[in-house]
2 protein chains.
Amino acid sequence: MTNTESKTAPRRTRQRAAVSTVMATLDEFRTAQEVHAKLRDAGDPIGLATVYRTLAQMAEAGEVDCIRTPDGQSAYRRCSSGHHHHLICRYCGRAVEITPTSFETWANQVAAENGFTQIDHELELYGRCANCALAR
Amino acid sequence: MTNTESKTAPRRTRQRAAVSTVMATLDEFRTAQEVHAKLRDAGDPIGLATVYRTLAQMAEAGEVDCIRTPDGQSAYRRCSSGHHHHLICRYCGRAVEITPTSFETWANQVAAENGFTQIDHELELYGRCANCALAR
DNA sequence: CTGTATGCAAACATTTTGCATAAGC
DNA sequence: GCTTATGCAAAATGTTTGCATACAG
């Protein structure tokens with residue numbers, strides 16, 4: 001109360017820890033449903049809604065990345081570090097993490113030219129990966 | 001049975017023409033729902049399902065590109081268009097149109113490094129415009 | 001006339017939300 | 001004990017599908 005800006009750290013619960021652990025061990029993007037199934041299989045009872053809520057919060061907190069699979073599901077993967085973007089294959093959905101170096105520079109320059117500050121951006125690249133190029 | 005590979009051209013219907021026309025005039029990605037609303041507003045009665053079906057077919061035929069929006073909707077845009085991007089003020093919503101020149105180069109280079117072809121991108125810049133910087 | 005495209009509504013799949021209960025702090 | 005997190009199920013979304021009808025070829 002009183003303070004609109006106060007942010008309390010999420011409570012340490014078994015479920016949250018479980019999701020964190022699973023995400024920490026995964027290198028690939030996984031949907032909320034897959035994470036949920038994995039936890040259930042591991043004998044870790046958890047509600048689907050809780051997985052959704054937890055993953056959304058982790059994404060908000062920048063602990064995991066969130067993309068959309070070609071068939072419209074949300075997929076999450078732990079963040080390697082800092083701010084980055086993805087190069088996504090529109091055929092198989094494979095995503096490559098890319099580090100925007102020159103891009104950040106370009107963005108800031110364009111912003112400055114237009115008198116903008118506090119720049120943030122949303123960027124995704126879509127294309128056809130080498131594998132899918134062969135398949136066709 | 002005849003030919004498994006035979007593909008009949010879709011019939012010329014008012015609805016299909018309408019969707020085609022709308023897509024031809026748009027430079028930005030639009031969701032099926034937006035396209036549907038736009039047609040309805042233009043006094044062109046069409047069913048939502050038809051819009052979905054038509055856009056899916058157009059995407060299949062390579063007439064439009066399909067991506068997923070961050071909130072999970074399918075968005076379509078006609079292929080290869082001289083599109084542009086926006087620099088959007090998150091306070092007042094003012095949008096400045098920007099032309100990605102060096103950015104395109106950068107994107108293509110990154111893509112090539114990762115073995116990707118047929119590159120397309122989704123980019124929006126958000127910030128605080130000069131006006132809103134003063135106001136605060 | 002024959003068969004495909006449409007419209008509507010119901011079916012679907014995924015994600016979100018309301019509310020009572022359990023648990024952290 | 002006061003509050004937040006959880007679980008369940010219902011609701012909300014966005015999309016697809018079944019089927020009768022309209023219409024292009």
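A note on names: the letters A, B, ... follow the listed sequences, proteins ahead of strands, and every chain is numbered from 1.
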Inter-axis angle, terminal five-pair segments of the helix from C:dC1-D:dG25 to C:dC25-D:dG1 [nearest 10°]:
30°
Find the distance A:His36:NE2 to C:dT15:P and express it as a whole number of Å.
13 Å
Quick one: pull up CZ in A:Arg16 and OG1 in A:Thr21 and give me the separation to the nearest 0.5 Å.
12.0 Å
Between B:Thr50 and C:dG7, does any side-chain N or O lie under 4.0 Å from OP1 or OP2?
yes
Quick check on the hydrophobic clustering: are A:Val22 and A:Leu48 connected, directly or via other members, by side-chain heavy-atom contacts under 4.5 Å?
no
Once you round to the nearest 0.5 Å, how far does OG1 of B:Thr54 lie from CE of B:Met23?
11.0 Å
Can you measure from CD (B:Glu63) to OG (B:Ser20) and round to the nearest 0.5 angstrom?
6.0 Å
Its contact letters, B for base, S for sugar-phosphate only and - for none at protein heavy atoms under 4.0 Å, make nucleotides 16-25 of chain C read BBB----BBS
Between A:Gln33 and C:dT15, does any side-chain N or O lie under 4.0 Å from OP1 or OP2?
yes
Looking at A:Ser74, does any N or O in its side chain come under 4.0 Å of the phosphate oxygens OP1/OP2 on C:dT14?
no
When the distance from CZ of A:Arg16 to C1' of D:dG7 is rounded to whole Å, what number comes out?
15 Å
Would you say the side-chain atoms of A:Glu34 and A:Tyr76 include a donor-acceptor pair closer than 3.5 Å?
no
Specify the separation, in whole Å, of atom CD of B:Gln73 and atom C1' of C:dA13.
15 Å
Between OH of A:Tyr52 and OG of A:Ser74, what distance do you get to the nearest 0.5 Å?
7.0 Å
Between A:Ala32 and A:Leu55, the two heavy atoms sitting closest are CA-CD1, 3.7 Å
A:Lys38/A:Asp44 ion pair, N-O < 4.0 Å
no
Among D:dT6, C:dG7, D:dT15, find the nucleotide with the atom closest to the side chain of A:Thr54.
D:dT6
What is the distance from CD of B:Gln57 to P of C:dT4, rounded to the nearest Å?
13 Å
How long is the gap from CD on A:Gln15 to CZ on A:Arg53, to the nearest 0.5 Å?
10.5 Å
